[in-house]
**Q** 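Following this message is one structure expressed as structure tokens.
Naming convention: chains lettered A, B, ... in sequence-line order (proteins, then strands); numbering from 1 in each chain.
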There are 2 protein chains.
Amino acid sequence: MDRRDIFPRALQYLIAIAEQGSYTRAAETLHVSQPTLSQQIKQLEDYLQSPLLDRSGRTVQLTDAGKIYVRHARRAWGELNTGTRAIHDVKNLSRGSLRLGWTPITDYLTCSLLANYNSRYPGITLSTLDMPQDEIESAISEARVDIGITFSKPTGPEELSGPTETFTLFEEALYLAVGRVHPRAKRRKRMSAQEFGMESLVQLNTDFALRHHIDRYCHDHAIEPHNAIETNSLTVIIEMVELGLLATVLPSTIINTQSGLYAIEVSPELPHHTVSLIWNKSGYKSPACLAFLELASDWSSHLLQEKRIQ
Amino acid sequence: MDRRDIFPRALQYLIAIAEQGSYTRAAETLHVSQPTLSQQIKQLEDYLQSPLLDRSGRTVQLTDAGKIYVRHARRAWGELNTGTRAIHDVKNLSRGSLRLGWTPITDYLTCSLLANYNSRYPGITLSTLDMPQDEIESAISEARVDIGITFSKPTGPEELSGPTETFTLFEEALYLAVGRVHPRAKRRKRMSAQEFGMESLVQLNTDFALRHHIDRYCHDHAIEPHNAIETNSLTVIIEMVELGLLATVLPSTIINTQSGLYAIEVSPELPHHTVSLIWNKSGYKSPACLAFLELASDWSSHLLQEKRIQ
DNA sequence: TTAAACCCATAGGAGTTAACTATGGATCGA
DNA sequence: TCGATCCATAGTTAACTCCTATGGGTTTAA
């Protein structure tokens with residue numbers, strides 16, 4: 001009898017005896033002695049307060065109670081075996097789950113990463129939770145999400161004080177974005193910080209890191225653009241910019257994917273901002289999580305390579 | 001921790017820890033020491049070759065693998081508990097099965113017993129297997145049926161050589177049965193053995209004990225009735241007798257239930273025959289089986305009482 | 001009918017397993 | 001940084017499982 005089996009021996013014995021119709025033969029196939037089976041079955045019958053096997057005849061038969069109990073015992077055994085297999089599936093990344101926390105605007109930038117991950121590990125359930133920048137970190141530390149995707153401070157991936165680790169996915173420049181009817185849409189020449197300060201903007205609200213980067217830039221350059229609209233919806237921003245005279249600040253990636261938006265370079269350069277992954281350094285990282293981090297690393301370096309080629 | 005549980009302790013521990021989010025609290029509710037849990041979980045993780053619990057945080061959390069495995073473990077536990085309850089159902093006679101072996105003609109006599117049993121224990125699956133008299137005994141000893149209903153030898157419930165036990169349900173007299181157009185149907189006076197020997201009969205074939213009883217009677221009284229038809233179907237016998245000039249020998253119970261049949265007493269009396277239950281003395285008797293025997297005993301004594309009242 | 005063969009139950013002893021107590025190391029809050 | 005809390009480890013004891021040896025009962029064959 002293999003020691004390496006969590007399922008109760010007495011039940012395995014019962015099932016084997018029922019199959020073989022004999023204690024002696026079951027003992028042989030199980031590689032235990034026959035008295036072991038006698039004893040174990042006795043204990044089992046004692047526990048269930050009911051005879052399970054009829055030893056009176058030529059062959060050992062299940063009693064009514066035995067028939068019924070064996071059926072359930074088999075199912076229970078099957079459950080545990082299935083559970084064991086499922087665990088190995090998790091390690092093979094054919095099952096599992098991964099919870100990402102990110103700010104709404106991030107999906108423009110990283111959904112190709114998600115698509116990549118999903119196509120490679122289709123069994124993993126991906127869930128993304130929209131949350132403000134601030135909440136991502138606490139969600140990480142409370143293990144409500146496995147990995148966060150954040151806009152980190154423009155100075156780069158500083159070491160955060162918390163028990164988290166970060167990895168810079170990519171860094172990109174910010175530009176002023178204007179719609180077709182905006183005066184500056186015609187001649188998209190570089191503008192100065194002072195000119196930028198004269199614009200009327202539709203901006204993300206202060207929940208968002210991107211907004212903080214911009215505010216910092218304005219403060220640093222002693223300018224104060226007019227914030228005509230604040231919103232937490234990127235869609236609103238894009239629509240407002242496309243339709244009217246308002247401008248906004250967005251990463252080039254987003255501007256370029258929207259046909260109605262035009263990027264205008266500001267000088268001195270608007271802050272670069274970096275998109276980073278953030279996760280718990282000390283906590284348990286599921287296989288699904290580790291696989292994501294690895295894939296993200298690959299994806300990030302490919303991205304760099306493409307930029308160099310451009 | 002209650003020793004009286006077949007379900008693997010390590011899994012109960014795992015489930016408890018997952019519920020409580022803490023080894024210490026789980027140990028308290030389980031009434032075991034905390035190191036016991038540490039050790040058991042360690043072994044379980046070792047066996048599954050996968051961490052199940054994440055102890056890094058403030059509260060202990062299931063890992064992906066742990067979540068999956070716990071789900072299966074719960075189901076397995078549920079199965080075994082269900083199995084235990086099902087056994088008690090069997091003992092309560094709210095479940096179970098009973099296989100009766102009998103000869104086709106017996107149902108005229110004992111179906112009220114069956115109906116009684118079924119109404120009292122509706123959860124028991126009753127199955128009746130038609131088989132020749134000879135086969136009933138072997139079916140009993142081979143445990144293909146639980147209880148047989150037989151026509152025993154007219155001398156009464158002799159002790160049979162085999163490992164079987166019998167119980168006489170009732171005893172009844174045999175009569176010559178004739179149809180409406182039979183010459184003897186008009187004046188149903190007693191007839192002699194010699195007169196009986198002149199009859200043309202439709203009889204059961206020699207598979208049936210009843211036939212043997214009649215043959216023995218004829219042999220003892222040196223008479224030889226003409227067997228016009230032999231059959232194994234009681235229906236054929238009754239129809240042939242009702243329609244024609246043939247007679248037969250049947251127990252009074254059957255004759256009286258058939259409006260087209262008339263009973264004629266023979267002198268000296270045709271053998272009484274007894275309807276008996278037969279079952280395995282030494283073998284396992286299911287609760288359903290024991291309940292049937294008990295009910296049959298009651299039913300039999302009520303029958304005797306009714307006869308006395310008549 | 002008796003002897004041999006077969007099968008399951010019982011008894012007692014050896015090895016393994018699971019429980020406990022005591023203690024160490026790590027983490028979280030104050 | 002200290003105290004509190006929590007899980008892990010070590011060592012010991014109790015319990016359990018398994019084994020061998022043997023007995024009782026039934027079946028088969030001579």
**Q** What is the distance from CG of B/Asp46 to P of C/dT17, rounded to the nearest Å?
**A** 13 Å
**Q** Taking atom P of D/dT17 as reference, at what distance in whole Å does atom CG of A/Leu37 sit?
**A** 13 Å
**Q** Nearest whole angstrom, please: distance from the C1' of C/dC7 to the CD of A/Glu28.
**A** 12 Å
**Q** Checking contacts here: which listed nucleotide (D/dC18, C/dA9, C/dT21) is nearest the side-chain heavy atoms of A/Thr36?
**A** D/dC18
**Q** Measure the distance from CZ on A/Arg25 to C1' on C/dC6 and round it to the nearest whole Å.
**A** 12 Å
**Q** With a 4.0 Å cut-off on heavy atoms, is B/Ser33 in touch with a base, just the backbone sugar-phosphate, or nothing at all?
**A** base
**Q** Considering non-hydrogen atoms only, spot the tightest contact between A/Ala288 and A/Ser97 and give its length.
**A** CB-O, 3.7 Å
**Q** Among D/dT17, D/dC7, C/dC20, which is the nearest nucleotide to the side chain of A/Gln40?
**A** D/dT17
**Q** Ignoring hydrogens and geometry, is there a side-chain-to-backbone donor-acceptor pair from A/Ser22 to A/Thr24 under 3.5 Å?
**A** yes
**Q** From the options C/dA9, C/dA19, D/dT9, select the nucleotide whose nearest atom is closest to the side chain of B/Tyr13.
**A** C/dA19
**Q** With respect to the side chain of B/Arg55, which nucleotide from C/dA9, D/dA8, C/dC20 is positioned closest?
**A** D/dA8
**Q** Rounded to whole angstroms, how far apart are NE2 on B/His31 and C1' on C/dC20?
**A** 16 Å
**Q** Restricting to ring pair (Phe, Tyr, Trp, His ring centres under 6.0 Å), what partner residues turn up for A/Phe292, sequence neighbours left out?
**A** A/Tyr117
**Q** With nearest nucleotides of DNA chain C determined for B/Gln34 and B/Gln39 from heavy-atom distances, which residue corresponds to the more 5′ nucleotide?
**A** B/Gln39
**Q** Of all the heavy-atom pairs spanning B/Phe7 and B/Gln12, show the shortest one and how long it is.
**A** O-NE2, 2.8 Å
**Q** With a 4.0 Å limit, can you tell me whether A/Arg9 has a side-chain N or O closer than that to the phosphate oxygens OP1/OP2 of D/dC16?
**A** no
**Q** Are the side chain of A/Thr63 and the backbone N or O of A/Pro51 linked by a donor-acceptor pair below 3.5 Å?
**A** yes
**Q** Could you give the CD-to-P distance, from A/Gln43 to C/dA9, as a whole number of Å?
**A** 13 Å
**Q** Quick one: is B/Thr24 getting a side-chain N or O under 4.0 Å of the D/dC7 phosphate, OP1 or OP2?
**A** yes
**Q** Any idea which heavy atoms bring B/Ile278 and B/Ile140 closest together, and the distance?
**A** O-CD1, 3.4 Å
**Q** Rounded to whole Å, how long is the line connecting atom CD1 of A/Ile41 with atom C1' of D/dC18?
**A** 15 Å
**Q** Heavy atoms only: give me the nearest A/Ala65-B/Ile87 pair and the separation to one decimal.
**A** O-CG1, 3.9 Å
**Q** May I have the distance from B/Leu30 (atom CG) to C/dC20 (atom C1'), rounded to whole angstrom?
**A** 15 Å
**Q** Over the length of the helix from C/dT1-D/dA30 to C/dA30-D/dT1, how much do the five-pair end axes diverge, rounded to 10 degrees?
**A** 30°
**Q** Determine: side-chain N/O of A/Ser22 to OP1/OP2 of C/dC7, distance under 4.0 Å, yes or no.
**A** no
**Q** Please tell me if A/Tyr23 has a side-chain N or O lying less than 4.0 Å from either OP1 or OP2 of C/dT10.
**A** no
**Q** Which nucleotide, C/dA19, C/dT10, D/dA8, lies nearest any side-chain atom of A/Pro35?
**A** C/dT10
**Q** Which pairs, with at least one residue in residues 12-37 of chain A and sequence neighbours excluded, count as a salt bridge (charged side-chain N to carboxylate O under 4.0 Å, His left out)?
**A** A/Glu19-A/Arg74
